[in-house]
Amino acid sequence: MSLAIANQTATDSDGFGAACRCITAKMRKSQRFAIFLVHVRGIDRYCAVHGHADGAALLEEFQARLTELAQPSGVVARMGMRKFAVVLDNLRNAGHMRLAAQKIARMLDAIVGADEQSRLGAIIGATNGGDGASDAPELLRRVEIAVLDGRRKNASFNFYEPDTADEILLDWGLEKRLAQAIEDGALEIHFQPKLELATDRIVGAEALMRWSDPDIGPISPDVFIDLAETTGQITDLTHFAIQRSCRQVSAWKATLGSLNIAVNVTPSLIGNTEIVDAVRSASNIWDLEPDSLTLEVTENALMADREAAHRVLTAIRDFGARVSIDDFGTGYSSLSYLKKIPADELKIDRTFVMGMLADRGDYKIVEHTIGIAKSFGLSVVAEGVETSDMLVELQRLGCDYAQGYFICRPVGADAFEEFCRKRG
């Protein structure tokens, strides 16, 4: 098969078709081959730091090196912005497949350089082409599952395992389990303290959902929040988070005084006025001042439907609750739009904060973001603070608030209260 296909910068459908044609041809000839799906992680952050042109050039160079690896009879197909399907011949066993995956990972490392290797890498899923799949789409589905399973295991390389495949799909039973957990109130909220730098006081927390199923065990928020989005349960999940968080803040009044709690809202909800009703309802039920609650929305969520987002956020602030722009610096909003956003604060994405003392580019992003926020009258929260030196430098730059493991990891309600009491 011609490798011309591999040299294209294909769209999702083109890449899928190219991979299917190559796989189908090999299956018909009963050839021995393996399929890898390479998911490049961290590319959004790379583009935010270095620019989209550099990000695109990096991925093109990576694709070229993968194509060279696949010669003479394999294929590389681009499957969207950050995924590549790689079909390789004559890999006789699992050990050879693992060695090939290590070589692919080293290729990416060689392109990005040592300073980016901890932040930009690959999750690689793999399967053997002779494992009895009925057709090419089935094999590609298997490597997608292997990548998802790798993310769940926090593994850079993962084989497809039939016994775990159903756990990764919606057929895992998670849809019904999640619905029941929401109905039973079986999910937990953990709280990550928010430190005010000027006073060294804990003034609030970010609410983070946690779920441990009795049969399956702990389930990553990435998995169950994506599941809630897919199955339409995200509204119920978010309303649960708002109600439970407000209930806890109300309970803390007697012991910790007034605190502000921040709840994340996904892009699919930010244009829906139901979220305004949920905020009003929770504040009234738990007898809270509206400014005890902050809704965190990502920069990209604001850009999805500007007019709808503007209406909803304006209504939230008119009620008296606060609005925070989360993961600032990783999205694509313009400064001209930023000045119109009805918001109270910006949260600097943790990837920039964690690298600010070692990477000049990250430092400049943090410094400029603080300056931008101040010019628009917004307060600033830095996430990912892991050392005292970071905290000192953020305070020097004029940052208002900080979160991170150096201050405290996300903890349950009782541990949060104990932490606050010990700090005095």
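The basis for the numbers below is simple: all heavy atoms, side chains too, and nothing from hydrogens, waters or symmetry mates.
In this structure, the side chain to side chain donor-acceptor pair (under 3.5 Å) partners of Arg423, at least two apart in sequence or on a different chain, are Asp200. Under the rule for a side chain to side chain contact (heavy atoms under 4.5 Å, CB included), the partners of Cys20 that lie at least two apart in sequence or sit in another chain are Phe16, Ala136, Pro137, Leu140.
Residue-environment remark: CD (Glu289) stays at or below the threshold of 12 foreign heavy atoms within 6.0 Å. For CG of Asp184, the number of neighbouring non-hydrogen atoms (other residues, nucleotides, ligands) closer than 6.0 Å is greater than 12. With a 6.0 Å radius and a threshold of 12 heavy atoms from other residues, nucleotides or ligands, Lys176 has its NZ atom at or below the threshold.
Between Arg322 and Ile316 the shortest heavy-atom distance is O-CG2, 4.3 Å. A pairwise comparison of heavy atoms in Ala402 and Leu391 identifies CB-CD1, 3.7 Å as the closest pair. Considering all non-hydrogen atoms of both residues, Lys194 and Gln403 come closest at CA-CG, 4.1 Å.
Between the side chains of Glu393 and Tyr363, at least one donor N or O sits under 3.5 Å from an acceptor N or O. Asp349 and Thr351 are linked by a side-chain donor-acceptor pair at a separation below 3.5 angstrom, with hydrogens and angles left out of the test. Side-chain contact check for Glu417 and Thr255: at least one donor-acceptor pair (N or O, by modelled atom type) lies under 3.5 Å. A donor atom on one side chain and an acceptor atom on the other are not found under 3.5 Å apart for Glu296 and Ser324.
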Check the pair Asp400, Lys374 against salt bridge (Lys or Arg N to Asp or Glu O under 4.0 Å), reporting the backbone distance first and the verdict last. CA-CA 10 Å; Asp400 301 294; Lys374 297 298 183 182; 2.8 Å; yes
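Ring orientation note: the planes of Phe157 and Phe159 are nearly perpendicular, at an angle over 60° on the 30°/60° scale. A perpendicular orientation is assigned to the rings of Trp211 and Phe224, their planes being inclined by more than 60° (bins at 30° and 60°).
Between the side chain of Asp344 and the backbone N or O of Val323 there is at least one donor-acceptor pair closer than 3.5 Å. Distance alone, capped at 3.5 Å, places no donor-acceptor pair between the Asp326 side chain and the Lys347 backbone.
In this structure, Glu196 pairs ionically with Arg201, as a charged nitrogen and a carboxylate oxygen lie closer than 4.0 Å. Using a 4.0 Å cut-off between charged nitrogen and carboxylate oxygen, Glu144 and Arg141 do not count as a salt-bridge pair.
Contacts classified as side-chain hydrogen bond (donor to acceptor under 3.5 Å, both in side chains) and involving residues 270-287 (residues at least two apart or in different chains) are given here: Gln243-Trp286.
Among Val38, Ile35, Val143, the single residue meeting the side-chain contact (heavy atoms from CB on, under 4.5 Å) criterion with Val86 is Val38.
Atom CG in Leu195 sits 8.5 Å away from atom CD in Gln395 (nearest 0.5 Å).
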